[in-house]
A.B. asks: 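Right, I'll just put the structure down here and ask away after.
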Amino acid sequence: MSSVTRPGVSVVGSHTRVQGDIDADEDLTVEGYVKGTITCKQNTVTLGTSGQIIGDVYAHTLHVSGEVEGNLVASHRATIHKGANVKGTIVAPCLVLEDGSAFHGSIDMDPDSDALKSAFSGIADSGQTLASFDCDDSDSDAPDATPAP
């Protein structure tokens, strides 16, 4: 009988401070403070409302509800939730900025951008493909913009 194991979730708790880089091969939730580079290229990084990141983040999918000062690079989607405060550059082919979020910086949504290709070159070199750039998928929590009849 074969068993399939799912990657776990690492958590930086709300009373935890990390000064240094984090390299994770599983989903990562940050509720505390991180000063350094977070690399989680094949998984999701979630920054909770009490979380703060000073540094760059590289992930497949990003969910930001806290404060970031640095670059956010997602190979698939970045969602900046209500109450979040981001200062820096966001590079992602799919981007959601919710009402009530604050963003100061620049945005690059070109799926063929040099920044995206260079950040995720190791994944492409390993024979894996970068995520599909179809932004309309099932993990979207954005409301349907279709007007009601």
Side-chain angles (χ1 to χ4, degrees), residues 4-143:
V4 177
T5 58
R6 291 190 58 199
V9 177
S10 293
V11 177
V12 175
S14 60
H15 298 288
T16 303
R17 295 177 59 87
V18 175
Q19 294 197 27
D21 298 340
I22 297 174
D23 189 356
D25 286 329
E26 60 188 359
D27 291 349
L28 175 67
T29 298
V30 177
E31 293 289 349
Y33 173 89
V34 174
K35 183 174 185 180
T37 299
I38 297 174
T39 305
C40 191
K41 293 183 180 179
Q42 297 181 41
N43 295 49
T44 299
V45 173
T46 301
L47 178 63
T49 56
S50 65
Q52 182 180 16
I53 298 172
I54 309 296
D56 298 339
V57 181
Y58 300 90
H60 175 267
T61 305
L62 289 164
H63 291 281
V64 177
S65 297
E67 184 176 330
V68 176
E69 188 173 327
N71 300 317
L72 299 175
V73 183
S75 64
H76 179 62
R77 174 194 304 271
T79 303
I80 312 305
H81 295 282
K82 178 180 180 178
N85 186 358
V86 177
K87 296 176 186 171
T89 298
I90 300 173
V91 180
C94 301
L95 175 63
V96 177
L97 291 171
E98 291 184 354
D99 287 347
S101 63
F103 172 68
H104 305 280
S106 62
I107 296 172
D108 181 351
M109 293 181 64
D110 180 2
D112 295 321
S113 77
D114 290 338
L116 195 59
K117 285 181 179 178
S118 66
F120 291 89
S121 63
I123 292 174
D125 293 345
S126 69
Q128 297 179 7
T129 59
L130 292 178
S132 164
F133 298 113
D134 179 10
C135 292
D136 186 27
D137 61 14
S138 61
D139 75 330
S140 172
D141 33 8

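In this text, all values refer to a predicted model and were calculated from it rather than measured experimentally. All values below come from the heavy atoms of this structure, side chains included, with hydrogens, waters and symmetry mates left out.
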A.B. asks: What are the two closest non-hydrogen atoms of Glu26 and Gly8, and how far apart are they?
C.D. replies: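 That closest heavy-atom pairing would be CB-O, 3.1 Å.
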
A.B. asks: Between the main-chain N or O of Thr37 and the side-chain N or O of Asp21, is there a donor-acceptor pair closer than 3.5 Å?
C.D. replies: yes

A.B. asks: If you measure from NE2 on His63 to CD1 on Ile80, what distance do you get to the nearest 0.5 Å?
C.D. replies: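 Answer rounded to 0.5 Å: 10.0 Å.
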
A.B. asks: Is there a donor-acceptor pair under 3.5 Å between the side chain of Lys87 and the backbone N or O of Glu67?
C.D. replies: no

A.B. asks: Looking at Leu72, Val18, Asp23, Val30, which hits side chain to side chain contact (heavy atoms under 4.5 Å, CB included) with Ile38?
C.D. replies: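 Exactly one option meets the side chain to side chain contact (heavy atoms under 4.5 Å, CB included) with Ile38, and it is Val30.
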
A.B. asks: Under a 3.5 Å distance rule, please check whether Asp27 uses its side chain to pair with a backbone N or O of Val9 as donor and acceptor.
C.D. replies: no

A.B. asks: Within the structure provided, determine whether Lys82 and Asp99 are in side-chain contact (heavy-atom separation under 4.5 Å).
C.D. replies: no

A.B. asks: Measure up the Tyr58 and Phe120 rings against each other and bin them: parallel (under 30°), tilted (30 to 60°), perpendicular (over 60°).
C.D. replies: perpendicular

A.B. asks: Taking C-beta and beyond as the side chain, do His104 and Asn85 meet within less than 4.5 Å on heavy atoms?
C.D. replies: yes

A.B. asks: Identify the heavy atoms of Val12 and Ile22 that sit nearest to each other, and give their distance.
C.D. replies: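 Reported closest heavy-atom pair: CG2-CD1, 4.3 Å.
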
A.B. asks: State the CG-OG1 distance between Leu95 and Thr79, to the nearest 0.5 angstrom.
C.D. replies: 7.5 Å

A.B. asks: Checking side-chain contact (heavy atoms from CB on, under 4.5 Å) for the pair Val64/Val57: CA distance, chi angles, key distance, verdict?
C.D. replies: CA-CA 11 Å; Val64 177; Val57 181; over 6 Å; no

A.B. asks: Kindly give the heavy-atom pair with the smallest separation between Pro111 and Leu116, and that separation in Å.
C.D. replies: O-CD2, 3.7 Å

A.B. asks: For the atom pair SG (Cys94) and NE2 (His76), what is the distance rounded to the nearest 0.5 Å?
C.D. replies: 5.5 Å

A.B. asks: Look at the side chain of Thr61 and the backbone N and O of Thr44, then say whether any donor-acceptor pair between them is shorter than 3.5 Å.
C.D. replies: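 Not a single qualifying donor-acceptor pair exists.
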
A.B. asks: If you apply the rule side-chain contact (heavy atoms from CB on, under 4.5 Å), what do you find for His60 with Asn43, and how did you get there?
C.D. replies: CA-CA 5 Å; His60 175 267; Asn43 295 49; 5.7 Å; no

A.B. asks: Please step through side-chain contact (heavy atoms from CB on, under 4.5 Å) for the pair Ile90 and Phe103, ending with a clear verdict.
C.D. replies: CA-CA 10 Å; Ile90 300 173; Phe103 172 68; 3.4 Å; yes

A.B. asks: Compare every heavy atom of Pro93 with every heavy atom of Ser75, then report the nearest pair and how far apart it is.
C.D. replies: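 Nearest heavy atoms, Ser75 then Pro93: O-CG, 3.4 Å.
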
A.B. asks: Closest heavy-atom contact between Val45 and Ala59?
C.D. replies: CG2-CB, 3.7 Å

A.B. asks: What pair of heavy atoms forms the shortest contact from Ser113 to Asp108, and how long is it?
C.D. replies: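 Smallest interatomic distance, heavy atoms only, reads CB-OD2, 3.2 Å.
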
A.B. asks: Nearest 0.5 Å please: distance from the NE2 atom of His15 over to the OG atom of Ser50.
C.D. replies: 8.5 Å

